[in-house]
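Sequence lines set the chain letters: A, B, ... in the order given, protein chains first and strands last, and positions in each chain run from 1.
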2 protein chains.
Amino acid sequence: MAKEGAGRARPGRSPVPAGRRSRPRQAEVAQLAGVSQATVSLVLSGRDEATARPISEETRRKVLQAAQTLGYVPDPAARRLAAARNNLLGVFSFTATFPTDVRHSYYPFLVGVEQEAAVQGYDLVLFTGSSAGGADAAGAGALNRVRLADGCLFLGRHAPSPELARLVRDGFPVVHLGRREDTEGVAWVGADYISASRDVVTALAEAGHRRIVLVREDDDAPASTDREHGFLDGLRAAGLPAGPAAVFRTADPHTEVTAARVRAWHEDGVTAFVAEETDTGAAWRALRAAVDAAGLRCPGEVSLAVLGSPPPDLVNEPVPMGFDIPRARLGAEAVRLLSALIAGEPTESTLVACTFRAGVSSGPPATA
Amino acid sequence: MAKEGAGRARPGRSPVPAGRRSRPRQAEVAQLAGVSQATVSLVLSGRDEATARPISEETRRKVLQAAQTLGYVPDPAARRLAAARNNLLGVFSFTATFPTDVRHSYYPFLVGVEQEAAVQGYDLVLFTGSSAGGADAAGAGALNRVRLADGCLFLGRHAPSPELARLVRDGFPVVHLGRREDTEGVAWVGADYISASRDVVTALAEAGHRRIVLVREDDDAPASTDREHGFLDGLRAAGLPAGPAAVFRTADPHTEVTAARVRAWHEDGVTAFVAEETDTGAAWRALRAAVDAAGLRCPGEVSLAVLGSPPPDLVNEPVPMGFDIPRARLGAEAVRLLSALIAGEPTESTLVACTFRAGVSSGPPATA
DNA sequence: CTCACGCGTTAATGCGTATTAGGTAATGCG
DNA sequence: CGCATTACCTAATACGCATTAACGCGTGAG
C-alpha cells in the first residue's frame, strides 16, 4: 500500500503542502489572492458573468494573477466529480476494436466518432473487452463496466440483446451503430441500405437491364436482409420479375458461384449481377472471378454492381457501380445521438443515406 | 450552460434516486445488502484481506450479490479523487488519433496497445480534441485532462516538452511512444532505427557496394536523425567513405532527386541508394521515380533500400530491402512500461529492435 | 465478575471543485 | 437617518469513494 504515495501527501490542514510537492489547488490560489476558495472557483470557471454573480474587476485580477503565478490547473477528477458527469463516452465493440486483420475494422467509423466526440467535449473510453469479463464470462453484468462512462456506443452485429436492454432499462444512454429491430428501446444509427440498394437496381434497370440477379451470403444480419429487401424493391419498382430466382444465396460463394453458373444465367437472359458487400467481400470476389472465368466482358456483355464498396485490397481495380457508406458520418451521427440521450433531450434513431456510385462496371446491356 | 443540468438530479438524502436515472453508487449497494457504505468499499476493493481487516464470508457474499444486481461500477472520477486507481490508461495523440488521411495513422501501434491493455486489465481513454480546439486555445491545461487516468501514453512527435515534464514532475505516470532526448525524465519506448539502419548498410556493403548514398528529408525528429546516424555508422563499420557526400538532404525530394542527379551519382561510382522512411514516403517515391527515369535497372545496375517500410499504397510493388518496424510490439511494450510505472516498479525506457528485410531491390553491384 | 482483546462493522473524514445559501458593507430612497 | 437594495464575498455543503478511528460484542484470562 505504500505505492499510493502520490495521494496522501498533505496531512496538515494548511492549504500549502509541506513538501512543496503536488500541484497547487484552488485553496492555495485563494490564499495568495487573499480571497476564498469559492471565489477562485467562480472566477476561474467564468461562471460569474453567466450566473449574474458579480465579481469585481479588482478581485478577478488578483485571482487570475495568483493562479498564473502558481501555475494552477484544475484537477479533472475533482471537477468531474463535482459536476456529476465525467465527459466520457464509452465505445464497446464485441471484437477487438483494432483487429490485426484489417478487414472488418471499425476504423472508418471511429474517424467520425472521434471527431464528433471532440466537438461535443467528450473523451472516449475504449473498452477492451477483457475488462468486461470477456465474451465467455458474458453472464449477467458483463457489460457493466461501460457504466463508468456517461453513455456508450456499441459496435458490431453481435451485441447481446438482453444485456443492452438491461442497460437501457436502467436509464443508461446507449446507442448501437447499425440498425436493430430485435432490441426494444435501444437507439441506433444505421445506413439506409434499402434505399441505396434500390437505387442501384433502378440505375441498372434504367440502363435497360431486364434480368438482374443478386448474389448474397448466408447471413441474417439486418445489413444483409436490408440489402436484399432494397434489391427486390428496386426490381418491383422497375416492373421486373422479383421472384426467388432473382436472388442467389449461398454460404460459400467461392465454390458455388462458378463460371458455368454465370454463363447459364447469361444465356438465360441475365445481363446484370449485383453482389452483397460483406466483411470479406466474398460474394463480390466470387462474382468477379466467375464472370472473368466465363469469358464475359464487363461492362460490355454483363454489368456488375456491389451493394456497398469493394474490399479495400481491390481499391486499385476499376471502380464498380454501387454505393458508398458514409461511415465517418455514421460515427458522428451516433455520437450526436448519444450526446442528446445523455442530455436528456428527446431523440430518435436515424437512418443515414448512402451515396450512389456510378462506377465503370455497368453500362447498357448488349442488344441481343 | 443549462447542459450541466443532468448532474444535480438527486436532491434528497435518500440513497435511491427518484427517477431511476444515474448509476448506482456504493450507498445503494450498501442499503440493498443491509450494510454500510464503508463495508461495500472494503469488499469491492478487495482491500479487506490485504489490510488485515476481515469481513465475514456472509457479508461479502451479500455485498457482491447486491452489487451484481444493481450493476454497480465505481465512478472513476471519485476513485481518482480518493487517490485510488481506475484501471484506465490514457492515450493522447497530438494529431487526430484516427486521421482521415490514413498516412500517418497510429493504427498499427494501437493494435498492440489495445491488446496489451486488455491483458493488463486496463481500458483505454482516448483523449480527443488534441486536434480540435487548437493547441493554443486548449493552452496550458490541455494535457491536464489525462490525469483522470492512472497513467498516459503519448503519441506523435509534437508532444510539448514542458507540459509533459510537468506531468512527470507531479508524479503522474507518462510514457512517450518514440524516443525522446529533450524531455528529462519522460519514459519512452522507441524503435532502434540506428541498429536497423546500420544493418541495411552492412548488408549492402557485404554485397559488394562501395559507394552508397542516403536520401533523406529535411526534418530533425529523432526518427530521422537516428536513421542517418545508423547509416553513417554502417558505412564506417564497413570501411566506406562516410563524408557529407554520402547524405543527400532535401526539403523537396520530388523535384530535387532527379534522373540527372541519379545518373551523375551512378557514373560517379554510386551503386546503391538508401531512402529514409517518412510519413509520406516522399524520399522513397522520389528515389524510385528518378532511378526509373534514369533508365537504371534495379537491382541489376543499382541497388535500393528503404530505412523502414514503403508507404502502404505501394504494398503491391516488389518488396524493397529495408527493415520492418514492429509497431504493434512497440505499442504493447509502451503499455507494459506504463503499467510498471503505475505500479511503482523500477523502469527503464526501451529500444525495440526492427527486423531486417532482404527484399528484392538489392543485389551485388554490376562489375564495372 | 471484571478487564483486555480480537473481530466485524460503522461513523466520520478527506480528496479538490462547484454551487448555493447567506452575510456584510456600501448605496439608494424617502 | 433608518431601511431596503445592491454588489461582493464567504461559509457550508455535496459529489462518490477510500480510509481510519472508534464502537459493540463476545470470550478467555485473571
Notebook entry, point to check: Which nucleotide in the set C:dT19, D:dC8, D:dA18 lies at the smallest distance from any side-chain heavy atom of B:Ser45?
Noted result: D:dA18

Next item on the list: Report the base-pairing partner of C:dG30 (Watson-Crick or G-U wobble, both distances below 3.5 angstrom), or none.
Entry: D:dC1

Next item on the list: Select base, sugar-phosphate, or nothing to describe what B:Thr39 touches, counting heavy atoms under 4.0 Å on all strands.
Entry: base

Next item on the list: Assess whether one donor atom and one acceptor atom, taken from the side chain of B:Gln37 and the base of C:dA11, lie less than 3.5 Å apart.
Entry: no

Check: Taking the side chain as C-beta and beyond, is there a heavy-atom pair between B:Val113 and B:Leu124 under 4.5 Å?
Finding: yes

Check: Quick one: is D:dT19 close enough that its OP1 or OP2 comes under 4.0 Å of any side-chain N or O from B:Ser41?
Finding: no

Next item on the list: Examine C:dA18: is either OP1 or OP2 under 4.0 Å from a nitrogen or oxygen in the side chain of A:Arg79? Give yes or no.
Entry: yes

Checklist line | Side-chain touch A:Leu148/A:Phe127, heavy atoms, less than 4.5 angstrom | finding: yes

Margin query: Categorize B:Val35 for me: base, sugar-phosphate, or nothing, with a 4.0 angstrom heavy-atom threshold over every strand shown.
Written below: sugar-phosphate

Item checked: Qualifying residues under side-chain hydrogen bond (donor to acceptor under 3.5 Å, both in side chains), relative to A:Asp150, sequence neighbours excluded -> none

Next item on the list: Would you mind reading off the distance between A:Leu44 atom CG and C:dA18 atom P, rounded to a whole angstrom?
Entry: 8 Å

Next item on the list: Please tell me if the side chains of A:Val63 and A:Val35 come closer than 4.5 Å, counting only heavy atoms from C-beta onward.
Entry: yes

Item checked: Candidate nucleotides C:dA18, D:dA18, C:dT19, ranked by approach to the side chain of A:Ala82 - the nearest -> C:dA18

Notebook entry, point to check: Got B:Glu116 and B:Tyr122 here, is their nearest side-chain heavy-atom distance under 4.5 Å?
Noted result: no

Margin query: At under 4.0 Å between heavy atoms, how does the protein contact nucleotides 22-28 of chain C? Give one character per nucleotide, 5' to 3', with B, S or -.
Written below: -------

Notebook entry, point to check: Out of C:dT9, D:dC15, D:dC17, which nucleotide sits closest to the side chain of A:Leu81?
Noted result: D:dC15

For a quick test of your reading: what N or O donor-acceptor pairs under 3.5 Å do the side chains of residues 76-84 of chain A make, sequence neighbours left out?
from    : atom 1 : to       : atom 2 : distance (Å)
A:Arg80 : NE     : A:Asn86  : O      : 3.3
A:Arg80 : NH1    : A:Asn86  : O      : 3.0
A:Arg80 : NH2    : A:Asp123 : OD2    : 3.4

